[in-house]
2 protein chains.
Amino acid sequence: MKTLTTGQLAREAGVNIETIRYYERYGLIPEPPRRASGYREFPPEYIERIHFIKRAQALGFTLKEISELLAVADGNPACKDIRKFAEEKVKDIETRIHYLQKMKAVLKDLIKKCLGKRKISECPIIESLSQKRNRHKE
Amino acid sequence: MKTLTTGQLAREAGVNIETIRYYERYGLIPEPPRRASGYREFPPEYIERIHFIKRAQALGFTLKEISELLAVADGNPACKDIRKFAEEKVKDIETRIHYLQKMKAVLKDLIKKCLGKRKISECPIIESLSQKRNRHKE
DNA sequence: GATAACCCCGTATCTCAGTACAGAGTCAAG
DNA sequence: CTTGACTCTGTACTGAGATACGGGGTTATC
């Protein structure tokens, strides 16, 4: 397998080249080996890692949370901590899925209503999504 | 039903008072009636609306997207547009759910592995989440 | 009717997640 | 062996989403 320069990795992963360097500084991607000249040589797996970061971001995770997820995936922290953190994240994810499903149901309902009538009078989306069971500002 | 001042609404909804004013400027919440003094008088439903905004944000929606969702919910745009937008959003949500479920499966797997061994050697999280079927930079 | 605790508006500042840029070095194609 | 496209580092700037602040008016309580 060939290695990639920073620019090649950026192109492959569909991000700006500066983003790569930013993620490295941030600690989201491990520092890759360098040539004598200082040029980085990224193994191609880094492409996947960038994709993962971007995906997780779109799901509402912050870079800080993502770095924790990646630390778990990389097997860095002690096993006990991994477990605890992973269990928390599973719950968090379940909550997210739950609300996304609600949102989806409401939208589908709106679509159905829209099929016949020409005006949606009362809005069900907010009520159905706003009961507060879980505080998000933990 | 009593109305709420800006500060009361902020407390009830669990956000900073400035956030309320910001959301109003942004157009996420309709301008409420005012007293002669200029004080805003929010109907209590605004609490739900703020909750909804915060929840949607945690799910990875931007304020712009949220304002569109709310416009749909409020029944503002023409019915055709509502339908189209709602259908797009349903797809978007399905994609999100899909990836969250993958993430969850991987974490659960890690937890299980963690139960016996004391070191996770190889990381499955990235591979399982990074295949690219959908571009996120539409 | 004073005083603390609120609200108003406008503007400035902050954090997060990048992006851009300048000045210098490196690589590879002709 | 030069030229153009790349890379490096460090620092500055940007945009989204808030938060803070200053100077002033309002309201409830004592």
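Residue numbering restarts at 1 for every chain, and letters A, B, ... go by the order of the sequence lines.
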Presence of Thr19(A) side-chain N/O under 4.0 Å of dA17(C) phosphate oxygens OP1/OP2: no

Residue pair Phe52(A) / Met103(B): nearest heavy atoms and the distance that separates them: CE1-CE, 3.9 Å

Value in whole Å for how far the P atom of dC6(C) lies from CD of Gln8(B): 10 Å

Which nucleotide in dT19(D), dA20(C), dC8(D) has an atom nearest any side-chain atom of Glu18(A): dA20(C)

Residue whose nearest DNA chain C nucleotide is more 5′ - Gly7(B) or Ala36(A): Gly7(B)

Rounded distance in Å - CD (Glu41(B)) to P (dC7(C)): 12 Å

Length of the line joining Leu9(A):CG and dC6(D):C1', which is rounded to integer Å: 15 Å

Carboxylate-amine/guanidinium contact Arg40(B) Glu24(B), below 4.0 Å: yes

Options dT27(D), dG25(C), dC8(D), nucleotide nearest the side-chain atoms of Tyr39(A): dG25(C)

Gly38(A) or Phe61(B), whichever maps to the more 5' nucleotide of DNA chain D: Gly38(A)

Under-4.0 Å side-chain N/O to phosphate OP1/OP2 contact, Arg40(B) with dC9(C): yes

Side chain of Thr5(B) - closest among dA20(D), dC8(D), dC7(C): dC7(C)

Polar side chain donor-acceptor pair, Lys104(A) to Gln101(A), under 3.5 angstrom: no

Which nucleotide in dC27(C), dG17(D), dA17(C) has an atom nearest any side-chain atom of Ser37(A): dC27(C)

Whole-Å distance separating the CD1 atom of Ile66(A) from the C1' atom of dC16(C): 12 Å

Atom-pair distance (CD on Glu24(B); C1' on dC9(C)), nearest Å: 12 Å

Atom-to-atom span, CD1 of Ile20(B) to P of dC9(C) - whole angstrom: 14 Å

Any Arg25(B) side-chain nitrogen or oxygen under 4.0 Å from OP1 or OP2 of dT11(C): no

Residue Arg21(B), side-chain heavy atoms: nucleotide from dT27(D), dG10(C), dA17(C) that is nearest: dG10(C)

Selection from dG17(D), dC27(C), dA17(C) that lies nearest to any side-chain heavy atom of Tyr26(A): dA17(C)

N/O (side chain, Lys54(A)) to phosphate O (OP1/OP2, dG18(C)) under 4.0 Å: yes

Candidates dA17(C), dC8(C), dA18(D) - which lies nearest the side chain of Gln57(A): dA17(C)

Nearest heavy-atom neighbours spanning Ser67(A) and Lys64(A): OG-O, 2.8 Å

Carboxylate-amine/guanidinium proximity below 4.0 Å for Lys91(B) and Glu87(B): no

Phosphate contact (dT19(D) OP1 or OP2) by Tyr22(B) side-chain N/O below 4.0 Å: no

N/O donor-acceptor pair under 3.5 Å between Arg96(A) side chain and Leu59(A) backbone: yes

Whole-Å distance separating the CG atom of Asn16(B) from the P atom of dT13(C): 18 Å

Short side-chain N/O contact to dT9(D) OP1/OP2 from Arg34(A), under 4.0 Å: yes

Length of the line joining Phe42(B):CZ and dC6(C):C1', which is rounded to integer Å: 14 Å

